[in-house]
Amino acid sequence: MTWRRSQVRFLPHPKLEMSEKNYPIETLRHSAAHIMAAAVRKIYKNAAFGIGPSIATGFYYDFDLKETIKPEDLKTISKEMEKIINEAIPFKRYTMKKEDAIEFFSKRNQLYKVELIKEIPDAEVSIYELGDFVDLCKGPHIENSSHLKHFKLLDIAGAYWRGSEKNKMLTRIYGTAFATKQELADFLKMREEAKKRDHRIIGKHLFSIHPQAGTGLIHWHPDGAALLNTIETFWKKQHILNGYKLVRTPHIASEELYRISGHLQNYSEFMYSQMDIEGKPYRVRPMNCPGHIMIYASELHSYRELPLRLAELGTVYRFEKSGVLHGLLRVRGFTIDDAHIFLAEDQVIGEIINVFDFTLKILASFGFDKFKIYIATRPEKKYTGELKAWELAEKSLKEAVAKKGIAYEIDEGGGAFYGPKIDIKIKDAIGRLWQCSTIQFDFNLPERFKIFYIDKDGSKRTPYMIHRAIFGSLERFTGMLIEHYKANFPLWLAPQQIRVLPISEKHTNYAKSVFEKLKKSEIRVSRDFRNLSINKKIKEALNEHIPYLAITGDREIKEKTVTVRGRKQNIGVFSIEKLIEKLKLANTQYKETLDKD
RNA sequence: GCCGGCGUAGCUCAGCUGGUAGAGCAGCUGAUUUGUAAUCAGCAAGUCGGGGGUUCGAAUCCCUUCGCCGGCUCCA
């Protein structure tokens with residue numbers, strides 16, 4: 001431990017501007033957590049302290065309190081923090097022998113700290129003092145409390161001690177801190193922005209969830225279903241064009257199938273209980289892979305056919321604890337845009353790269369071009385197969401990603417039970433990351449099902465398998481799209497692409513003919529022939545995020561045209577034929593807007 | 001599942017320390033015939049999430065249950 005700042009440095013010159021300090025953001029936030037803890041200690045005398053780290057969006061501290069903290073209490077705590085900040089209390093670092101530290105914290109009833117100290121391998125531990133608040137801490141910290149200028153306490157939550165459900169639940173307070181006022185303001189604004197994009201609110205007319213029908217289960221309304229249909233049609237077309245074969249498999253299967261696959265042994269906590277069909281146990285499927293393997297196994301395959309790519313928009317059902325359900329993003333029944341690729345050993349790396357490129361290409365069509373890549377390795381307990389094979393599999397995933405020259409992080413133990421995976425997290429319009437795409441390497445299921453292909457020399461060989469999904473789940477992907485686009489879908493995706501609005505009832509007949517022509521041309525057109533002012537009808541249509549409005553009045557009838565209004569203003573007057581042509585082009589070429597000319 | 005919060009008309013919300021419900025929007029009816037973000041008027045609409053309790057009296061207090069929200073854990 002070489003950090004001795006508090007011992008060799010003294011308080012800065014009072015005139016020295018704080019903005020000249022260039023603390024790493026983690027240091028600033030970690031110190032903010034300490035200052036918050038000191039404030040909590042002043043208000044709640046008996047508080048026991050858990051941990052208080054800096055995190056990607058700020059910091060938190062976990063407390064064991066007798067009292068429950070309410071949202072309005074955050075103000076009181078903030079004020080107490082301000083006091084500490086105004087006093088410019090220095091952070092002082094000390095070291096203590098482990099035994100002394102254990103005694104020290106035991107005396108103060110800080111049993112969580114004692115637990116932490118016992119696990120530190122060194123003979124000495126470091127202690128930071130902030131006035132009369134003393135905490136076990138590696139540091140480093142800011143010089144004194146006044147260097148924290150821009151912070152805000154955000155949320156209160158329950159959090160298990162050390163993240164385990166078996167432990168006591170502590171009270172966690174989240175906050176954030178930044179070096180500048182502007183950064184803090186931007187962050188808070190971004191949080192507000194995220195709230196405004198909540199798909200459960202702005203996507204209300206697209207889907208619903210009914211406690212009466214079962215929580216975590218989605219009912220797609222006409223507009224939502226239209227959106228899904230567009231996505232699915234696009235998906236199918238792209239897959240056919242890229243060497244996949246579309247298949248369909250059953251939603252339930254004999255339990256025997258899941259015993260062979262290993263799902264029963266390794267995945268049962270997510271599977272719904274069995275049902276009895278003529279004395280035989282069946283299960284609702286949690287994954288599509290066994291079904292695809294059945295299709296593979298029903299024919300003899302030559303090495304010449306590999307890689308064999310089977311794809312399906314496969315709906316699965318998984319048990320998720322009620323507390324984790326969240327709109328479209330976490331549900332109990334969802335459709336995976338699944339594919340299973342059967343291939344020979346020497347094709348693995350090439351095919352992973354192939355899948356990777358295909359995935360990025362598809363995602364780009366939805367406006368996503370920033371990602372974060374994770375390689376998830378073998379789970380500690382629930383896995384199947386040999387360790388050696390796992391190592392090899394993990395190595396080939398890393399190799400494939402390395403070949404693409406893409407940076408990745410390791411998600412230790414995050415793999416599927418049958419193999420490691422590459423997870424692609426998508427960055428949306430306001431910088432949030434979403435887990436959607438996944439590419440999984442499987443050397444286990446083919447063996448368990450004893451599937452094979454005939455190799456060049458006439459011998460039987462076990463293929464490898466790649467499981468992959470690009471959207472992940474259509475539900476989650478759609479939920480993310482709603483938030484990404486703020487419900488202002490690009491033209492090709494919009495559930496309603498254009499709405500026909502007559503100026504008054506007099507123009508209904510003409511509007512009707514426009515509507516019919518658009519409809520016959522397979523444009524997703526809607527109409528509002530109600531006897532309302534044109535202003536009102538425009539307002540409603542815009543609130544429904546419809547990208548284009550076809551306005552029809554006397555002028556249009558006379559000239560056999562329509563005036564087209566975009567989301568912001570009029571974009572021009574077109575003949576009906578010209579308008580249809582433009583809309584059709586937008587659909588076939590996946591365009592965001594109508595071409596202007 | 002766990003911690004905390006919430007649950008009033010289709011939607012958004014009001015209803016102070018208990019005296020048995022109210023607004024805007026949407027809906028319906030009528031008038032108006034409208035040129036780029038709300039025409040006017042009238043009508044109808046709630047066993048105040050469900051169950052139990054305290055009380056002369058409960059949307060309001062207590063218990064319980066279901067659901068939702070913010071997190072934890074988990075995940076496509």
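Source: prediction; values computed, not measured. The figures here come from the full heavy-atom set of this structure, side chains too, leaving out hydrogens, waters and symmetry mates. Below, chain A is the first sequence line, B the second, and so on; all start at residue 1.
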message: Any donor-acceptor pair, under 3.5 Å, between the side chain of Tyr160(A) and the base of rG1(B), if you only look at N and O atoms?
response: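 For Tyr160(A), whose side chain was compared with the base of rG1(B), there is a donor-acceptor pair (under 3.5 Å).
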May I ask you to say what [X] touches in the nucleic acid, namely base, sugar-phosphate or nothing, with a heavy-atom cut-off under 4.0 Å?
X	value
Ile534(A)	sugar-phosphate
Glu556(A)	base
Thr563(A)	base
His507(A)	nothing
Phe477(A)	nothing
Gln435(A)	sugar-phosphate
Gly472(A)	sugar-phosphate
Lys568(A)	nothing
Val331(A)	base
Gly163(A)	sugar-phosphate
Arg555(A)	base
Glu475(A)	nothing
Asn535(A)	sugar-phosphate
Lys204(A)	sugar-phosphate

What distance, rounded to whole Å, do you find between the two [atom1] atoms, one in [N] and one in [M]?
N	M	atom1	answer
rA21(B)	rA58(B)	C1'	13 Å
rG22(B)	rC43(B)	P	14 Å
rG42(B)	rU54(B)	C1'	44 Å
rU65(B)	rG1(B)	P	11 Å
rU34(B)	rC40(B)	C1'	13 Å
rU60(B)	rU20(B)	P	14 Å
rA26(B)	rC68(B)	P	29 Å
rA23(B)	rA14(B)	P	16 Å

Of the options [options], whose atoms approach the side-chain atoms of [X] most closely?
X	options	result
Lys536(A)	rU39(B), rA76(B), rG71(B)	rU39(B)
Ser322(A)	rC75(B), rG1(B), rC68(B)	rG1(B)
Ile551(A)	rU36(B), rC74(B), rA38(B)	rU36(B)
Thr215(A)	rC72(B), rG67(B), rU33(B)	rG67(B)
Lys539(A)	rC72(B), rA37(B), rU34(B)	rA37(B)
Lys506(A)	rU34(B), rG35(B), rA76(B)	rU34(B)
Arg565(A)	rA76(B), rC72(B), rU36(B)	rU36(B)
Arg318(A)	rA38(B), rC75(B), rU36(B)	rC75(B)

Identified side chain to side chain donor-acceptor pair (under 3.5 Å) partner of Thr377(A) from the options Lys421(A), Glu412(A), Glu394(A): Glu412(A)
Is any side-chain nitrogen or oxygen of [X] closer than 4.0 Å to OP1 or OP2 of [N]?
X	N	answer
Lys421(A)	rA76(B)	yes
Arg499(A)	rU36(B)	no
Arg530(A)	rU39(B)	no
Arg332(A)	rA76(B)	no
His326(A)	rG70(B)	yes
Ser533(A)	rU39(B)	yes

Rounded interatomic separation in angstrom, taking [atom1] from [X] and [atom2] from [N]:
X	N	atom1	atom2	value
Ile173(A)	rG4(B)	CD1	P	14 Å
Phe319(A)	rC74(B)	CZ	P	15 Å
Leu325(A)	rG67(B)	CG	P	10 Å

message: Both Thr438(A) and Asp155(A) contact RNA chain B. Which one's nearest nucleotide lies toward the 5' end?
response: Asp155(A)
Comparing Asn570(A) and Gly415(A) on RNA chain B - which has the more 5′ nearest nucleotide: Asn570(A)
query: So how far is it from Ile470(A) CD1 to Ile426(A) CD1, rounded to the nearest 0.5 Å?
result: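 Between Ile470(A) CD1 and Ile426(A) CD1, I get 10.0 Å after rounding to 0.5 Å.
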message: To the closest 0.5 Å, what do you measure between CZ (Arg555(A)) and NE2 (His507(A))?
response: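 Going from the CZ atom of Arg555(A) to the NE2 atom of His507(A) covers 10.0 Å.
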If we call it a pair only when both distances are under 3.5 Å in a Watson-Crick or G-U wobble match, what pairs with [N]?
N	result
rG35(B)	none
rG4(B)	rC69(B)
rG57(B)	none
rC13(B)	rG22(B)
rA44(B)	none

Cation-pi, [Y] ring and [X] (6.0 angstrom, 45 degrees):
X	Y	result
Arg29(A)	Phe59(A)	no
Arg318(A)	Phe270(A)	no
Lys425(A)	Tyr374(A)	yes
Arg283(A)	Tyr258(A)	no

- prompt: Tyr485(A) and His545(A): aromatic ring centres closer than 6.0 Å?
  reply: no
query: Between Arg432(A) and Glu193(A), is the closest basic N to carboxylate O distance under 4.0 Å?
result: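 Salt bridge: no.
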Aromatic plane relationship, Phe366(A) with Phe471(A) - under 30° parallel, 30 to 60° tilted, over 60° perpendicular: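 If you compare the ring of Phe471(A) with that of Phe366(A), the planes turn out perpendicular.
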